[in-house]
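Throughout, residue positions are numbered sequentially from 1 according to the sequence presented.
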Amino acid sequence: MGLEKQTRQASDLFSTSRLIVAVVTISKNSGDWSLLNEQVLLISKKHGQLRQAITKMVQTVMNFLDETPNLDIKLSVIETLRTVTEGKVGLVLAMV
């Protein structure tokens with residue numbers, strides 16, 4: 001996360017996107033879906049986070065939905081994504 005902070009503060013979209021996608025992918029691969037939800041929320045609330053990087057992260061997590069082990073977990077991930085994208089029309093339109 002220290003490297004993510006450096007790239008975010010430098011406004012390095014490519015590196016920031018790669019790093020946050022790696023974080024959520026590692027969280028998903030660990031099988032800890034609550035960790036994934038926590039990381040998505042934490043990353044999205046970082047000061048100065050690049051909107052395009054958040055869009056990339058949300059798109060990646062949306063692809064994980066088919067891999068959720070049960071409906072409750074799927075709904076919790078969807079709720080997390082809804083929270084992150086709520087009120088952000090530009091972010092939602094970029095995902096379409």
Worksheet item: Could you state the interatomic distance from OG (S44) to CZ (R51), rounded to the nearest 0.5 Å?
Response: 14.0 Å
Worksheet item: Linking I/L/V/M/F/W/Y whenever their side-chain heavy atoms sit closer than 4.5 Å, directly or via other members, would M62 and V40 fall into one cluster?
Response: yes
Item to complete: Mind checking the CD1-NZ spacing from I54 to K45? Nearest 0.5 Å is all I need.
Response: 11.5 Å
Worksheet item: Are L65 and L41 connected, step by step, through hydrophobic side chains (Ile, Leu, Val, Met, Phe, Trp, Tyr) whose heavy atoms are closer than 4.5 Å?
Response: yes
Worksheet entry | Atom of W33, atom of V77 and distance for their closest heavy-atom approach | CE3-CG2, 4.0 Å
Practice prompt. Please round to the nearest 0.5 Å and tell me the distance separating atom CD of Q49 and atom OG1 of T16.
Written response: 6.5 Å
Worksheet item: Strictly by modelled atom types, are S15 and T7 linked by a side-chain donor-acceptor pair under 3.5 Å?
Response: no
Worksheet item: Ignoring hydrogens and geometry, is there a side-chain-to-backbone donor-acceptor pair from R8 to H47 under 3.5 Å?
Response: yes
Discussion item. With rounding to the nearest 0.5 angstrom, report the NZ to CG distance, K56 to L13.
Written reply: 8.5 Å
Worksheet entry | I43 reachable from F64 in the ILVMFWY side-chain graph, under 4.5 Å edges | yes
Worksheet item: Under 3.5 Å, is there a donor-acceptor pair between the E4 and Q9 side chains?
Response: no
Discussion item. As an exercise, state the distance from CG of L50 to CE of M57, rounded to the nearest 0.5 Å.
Written reply: 12.0 Å
Worksheet item: Taking a hydrophobic cluster as the set of Ile, Leu, Val, Met, Phe, Trp and Tyr residues connected by side-chain heavy atoms closer than 4.5 Å, whether directly or through intermediates, do I78 and V61 fall within one such cluster?
Response: yes
Discussion item. Less than 3.5 Å apart, any donor N or O on the side chain of N37 or S76 sitting next to an acceptor on the other?
Written reply: yes
Discussion item. If you compare all heavy atoms of V24 against all heavy atoms of V21, which two are closest, and at what distance to 0.1 Å?
Written reply: CG2-O, 3.3 Å
Fill in: Short side-chain donor-acceptor distance under 3.5 Å, D66 and T68
no
Worksheet item: Do S30 side-chain atoms and S27 backbone N/O form a donor-acceptor pair below 3.5 Å?
Response: yes
Worksheet entry | Interatomic spacing from CG in N63 to NZ in K28 - rounded to 0.5 Å | 10.0 Å
Practice prompt. Determine whether V58 and I73 fall in the same hydrophobic cluster, where Ile, Leu, Val, Met, Phe, Trp and Tyr are linked whenever their side-chain heavy atoms lie under 4.5 Å apart.
Written response: yes
